[in-house]
Amino acid sequence: MSIVVGKYAGFCFGVDRAVKMVEEAAASGEKVCTLGPIIHNRHVVERFASMGVRVIEKPEQVQPGETVIVRAHGVPKEIELALKNMPIQVQNATCPFVERIHELVRKAEEEGRVPVIVGTKSHPEVQGIASWSKHSVVVESGEELLAWAQKPGVSPDLPICMVCQTTLTANLWNFCTEIAKKQFTNLKISDTICRATEYRQKEAAQMSEVCQAMVVVGDPKSSNTSRLAAICREHCSRVTLVEEAQDLEPDFFNGVSNVGITAGASTPAWIIKEVNNTMSEIKNVEAVQEQSFEELLEQSIKTLNTGDKVMGVVTHIGTTEVQVDLGTKHAGYIPCDEVSNDPSVKPEDVLKVGDEIEVFVVRVNDQEGTCQLSKKKLDGLKVWDDINEACENKTVVEGNITEENKGGLVANVKGIRVFIPASQSGIAKGGDMAGMVGKTVKMKITEVNRSRRRVIGSIRAVTSEARKAAAEKIWSEIAEGNKYHGVVKSLTSYGAFVDIGGVDGMVHVSELSWNRIKNPAEVVKVGDEIDVYVISFDAEKRKISLGYKTAEMNPWNQFMEKFSVGDVAPAKIVKLMTFGAFAELLPGVDGLIHISQIADRRIGKPEDVLSEGQEVTVKIIDVDAENKRISLSIRALLNDEEEAPVEE
């Protein structure tokens, strides 16, 4: 009898990590207890008990000086928080993949989504996941999901976040997601099946198709072990689930020439080895014959076809190709230019000998026994899957703008060409779209046509949501006098409209400048970034009146800081009157040169000496601050010149 042991049988990463944490803590001499059985395996728990490790069910049962290790399946939120608030040493052995689901459910609660968890309701992992939201719904089958979706009060547009137990079968998960897609329009799906579980289940299915009998090793109470047994029974009529070697029955192997062994994620390697040895003894096999799963598949004349996605192991990286062992009689190879979409990437940058990779079968040559493969094509297919998922779930993606064309912009998203219509670019009509080229932007995918390789995106969908959120924030905090940094969006004859971060306010022409202006364009232009403040607002009508000119800009204040009575300053004649001339000292500040102060002789009218636009030098002889009036004199300077020699 030949025996094949599954490559993925036994401890997964999360279980192995948890067991090692307990072993190291116990070996260090610490007093250790685990909150719940560390994993679902009686033998492991009993072994730890012999090392002095206790199992407790509640945080209150911790004894002084003990280190508490949280089990691999995790614990409910309230227990985790209780542990953090206790003055004890805590080590968290929760599987990282389970912690990721906790975070997904927590975020769903924040976003107002209802988490739908597919899994066994009584399982501690599922109970822990569900605790991270007050609105969690747990279903164990597609039928149960459909029944809940059709209950009164459950609307088709209800925001849903869908996750699953890490050990769920892919078939059940796919069945449930198809039902959800038909029932709900606002659906966010996250495939949270542990990849190790997925590979183990897939391997068990393939083994059970070619083996005459299957032995599943593990604790009957373990969810993933029970599922492995169920998967094997779908393809093989002779399947047994054993907890340890002594559970094997000799009659089970009568008439069997080959048998496969798989094991749940909580089954230690020493139990699998004992089962293997006992099976060999039962059939009086002198030496244990352990064939690899790949060898067994090869014996079953596995075929490869163009378009297949297969797993392989990198065996050599050359200058022109990468050699891959596919576990068949075909010699697999990847041309170097089929390794990555990025031509600057070398194969050795992303691959190393021993790596297990998934590849796409490009061409099979049965006569020569070769198989041309491509990693680039498979990566491309996965990117299309990601793009399609982003479209279905309305998630935000990042892309780089590569060009502008007549209809809009073109972006590169993970190597996929995405067209962004001008109306969805977020740029006003007539704006500078060319300036977007080279920038990294966030967008939503609105349409995917895979057969035509057509993808349409929208930057506006992202900015609109952000703008709406910003607007709500502004209206919740707005008050007279609040200052904002805004952008001038448009100009009218009576003022300028300014975007202050999601909300538009208007600066009246009279609030733009202290000087008399005829048009707002004399002060600002569209696109200018300016600082404004709230003069008044009407929250009901959603109107905001803004101010731009400040006391610091007031020309009169500037004059008072710069000049005093007796100062001499340059000025420009701006207007001639019968009684004198007005001269500009600063933009917006004029002073009067009375006719008697224009010359050192009697003149008939100001224009006999002065003309508009003429540059003169004047002396400030009086300032009426209350009425904002300034008296100037040219004559005073002429008299000063005559008296100067006498004084000297």
Side-chain angles (χ1 to χ4, degrees), residues 6 8 12 97-98 100-101 104-105 108 113-121 123 125-126 129-130 136-150 154 156 158-209 223-236 262 264-265 305 307-311 358 360 378-395 445 448 450-451:
Y8 296 103
C12 64
F97 298 109
V98 176
R100 174 176 171 264
I101 310 175
L104 288 171
V105 173
R113 292 182 176 273
V114 175
V116 174
I117 306 159
V118 185
T120 305
K121 295 176 183 176
H123 197 282
E125 177 188 319
V126 175
I129 293 168
S136 293
V137 175
V138 180
V139 295
E140 296 188 354
S141 65
E143 292 75 16
E144 191 174 343
L145 173 61
L146 183 61
W148 175 76
Q150 295 178 346
V154 180
L158 184 69
I160 299 292
C161 169
M162 196 166 172
V163 298
C164 66
Q165 189 176 346
T166 54
T167 55
L168 196 74
T169 62
N171 288 340
L172 176 54
W173 172 246
N174 293 334
F175 180 54
C176 289
T177 55
E178 288 303 314
I179 290 174
K181 287 176 182 178
K182 293 176 182 177
Q183 297 296 319
F184 300 102
T185 57
N186 190 355
L187 179 64
K188 188 175 182 179
I189 298 175
S190 295
D191 181 352
T192 52
I193 296 177
C194 172
R195 292 300 145 226
T197 299
E198 183 182 333
Y199 295 151
R200 188 184 302 108
Q201 292 176 352
K202 183 179 179 181
E203 181 184 65
Q206 292 174 327
M207 289 173 68
S208 58
E209 285 179 345
S223 176
N224 72 83
T225 302
S226 300
R227 287 198 173 98
L228 278 178
I231 290 169
C232 290
R233 291 189 179 105
E234 291 176 7
H235 307 284
C236 182
T262 186
N305 299 298
D308 283 351
K309 300 174 188 176
V310 294
M311 298 297 295
E358 190 174 16
F360 182 85
L378 187 63
D379 290 343
L381 292 173
K382 288 181 177 178
V383 169
W384 275 100
D385 291 341
D386 292 343
I387 292 289
N388 200 60
E389 184 179 346
C391 181
E392 290 182 358
N393 297 338
K394 299 178 181 178
T395 53
I445 304 300
V448 177
R450 200 160 177 170
S451 60

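Note that the structure is predicted; figures quoted are calculated from it, not measured. Residue numbers count from 1 along this sequence. Any value given below was found using the heavy atoms of this structure, including those in side chains, with hydrogens, waters and symmetry copies removed.
Residues Leu381 and Arg450 form a side-chain contact, since some pair of their non-hydrogen atoms from C-beta on lies under 4.5 Å apart. The shortest side-chain heavy-atom distance between Leu378 and Lys309 falls under the 4.5 Å cut-off.
Once rounded to the nearest 0.5 Å, the distance linking CZ of Phe184 with CD1 of Ile179 reads 10.5 Å. In this structure, OG1 on Thr225 lies 8.0 Å from CZ on Arg200, to the nearest 0.5 angstrom. The distance from the OG atom of Ser208 to the CD atom of Glu203 is 10.5 Å, given to the nearest 0.5 Å. Between Asp386 atom CG and Ile445 atom CD1 the span is 11.0 Å, to the nearest 0.5 Å. Taken to the nearest 0.5 Å, the CD1 atom of Ile189 stands 11.5 Å off from the OG1 atom of Thr395.
Val138 and Gly119 get closest at one heavy-atom pair: CG1-O, 3.9 Å. Of all heavy-atom pairs between Gly264 and Asn224, the closest is CA-OD1, 3.1 Å. In plain terms, the two heavy atoms of Cys176 and Val118 that are nearest each other are SG-CG1, 3.8 Å.
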Evaluate Thr262 against Tyr8 for side-chain contact (heavy atoms from CB on, under 4.5 Å), listing each step before the verdict.
CA-CA 8 Å; Thr262 186; Tyr8 296 103; over 6 Å; no
Dump the intermediate steps for side-chain contact (heavy atoms from CB on, under 4.5 Å) on Ser136 and Ile117, then the final yes or no.
CA-CA 7 Å; Ser136 293; Ile117 306 159; 4.1 Å; yes
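Legend: residues meeting salt bridge (Lys or Arg N to Asp or Glu O under 4.0 Å) with Glu392, ordered by chain and number and at least two apart, are Lys181. Glu358 pairs by the side-chain hydrogen bond (donor to acceptor under 3.5 Å, both in side chains) definition with Lys382, not counting sequence neighbours. Evaluation of the side-chain hydrogen bond (donor to acceptor under 3.5 Å, both in side chains) rule for Asn393 yields no partner, not counting sequence neighbours.
Counting only residues at least two apart or on different chains, the side chain to side chain donor-acceptor pair (under 3.5 Å) pairs with a member in residues 182-191 are Arg113-Asn186, Asp191-Arg195.
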Could you give the side-chain donor-acceptor pairs of residues 158-173 under 3.5 Å, partners two or more places apart or in another chain?
from, atom 1, to, atom 2, distance (Å)
Gln165, OE1, Thr120, N, 2.9
Gln165, NE2, Thr167, OG1, 3.3
Gln165, NE2, Ser223, OG, 3.4
Thr166, OG1, Glu125, OE1, 2.9
Thr166, OG1, Glu125, OE2, 3.1
Thr167, OG1, Arg227, NH1, 3.3
Thr169, OG1, Leu172, N, 3.3

Residues 139-150 side chain polar contacts: donor-acceptor under 3.5 Å, at least two apart:
from, atom 1, to, atom 2, distance (Å)
Glu140, OE2, Lys121, N, 2.8
Ser141, OG, Glu144, N, 3.1
Glu144, OE1, Glu140, N, 3.1
Glu144, OE2, Lys121, NZ, 2.4

